[in-house]
Amino acid sequence: MFRHARSIGLEFGYVGCDSLYGDTAPFINALEDDGEHFMADVKKAKHVWLSEPLIDSPDSGSAGRGRPRTHPRLHDDNDAISTTVEALV
């Protein structure tokens, strides 16, 4: 949506969205990847990281045992803390 707006020449300083979009990781990731400034509402139960977590990629997995991983997961040595948005305000 914002990419289409940019492609037809619309100029804007930031993107604002409600929690329907704010809670949608692919949309928020696309904004960040494109370097857009944005402000997004999120639901109060949304979990957020207080620091960057250590993530294992799917291919760093089971060493041939069982099904291969298809999703990233937290690294065993992860010490990042997550909390809800509600707990922060």
Requested in this report: Mind jotting down which residue pairs meet the side chain to side chain donor-acceptor pair (under 3.5 Å) criterion with at least one end in residues 46-55? Sequence neighbours excluded, please.
Outcome: none
Report summary line: To the nearest 0.5 Å, atom CZ of F2 lies from atom CZ of F38 at 9.5 Å
Report task. State which residues pass side chain to side chain contact (heavy atoms under 4.5 Å, CB included) with H4; sequence neighbours excluded, sorted by chain then number. Result -> S7, I8
Query raised in the report: Listed by chain and number, what are the side chain to side chain contact (heavy atoms under 4.5 Å, CB included) partners of H37, not counting sequence neighbours?
Result: Y14
Sequence neighbours excluded and cut-off under 3.5 Å, please list the side-chain donor-acceptor pairs for residues 18-36, or say none.
unit_1 : atom_1 : unit_2 : atom_2 : d
D18    : OD1    : L20    : N      : 3.1
D23    : OD2    : K43    : N      : 3.3
T24    : OG1    : L20    : O      : 2.7
N29    : ND2    : A25    : O      : 3.3
D34    : OD1    : R3     : NH2    : 3.2
D34    : OD2    : R3     : NE     : 2.6
D34    : OD2    : R3     : NH2    : 3.4
E36    : OE1    : R6     : NH2    : 2.8
E36    : OE2    : R6     : NE     : 3.0

Requested in this report: Quick one: which residue pairs count as a salt bridge (Lys or Arg N to Asp or Glu O under 4.0 Å) with a foot in residues 73-89, not counting sequence neighbours?
Outcome: K44-E86
Query raised in the report: Which residues, ordered by chain and number, are linked to L88 in its hydrophobic cluster, where ILVMFWY side chains connect at heavy-atom gaps below 4.5 Å, directly or through other members?
Result: V42, V48, L50, I81, V85
Query - Residue pair P58 / P72, side-chain heavy-atom distance below 4.5 Å - result: yes
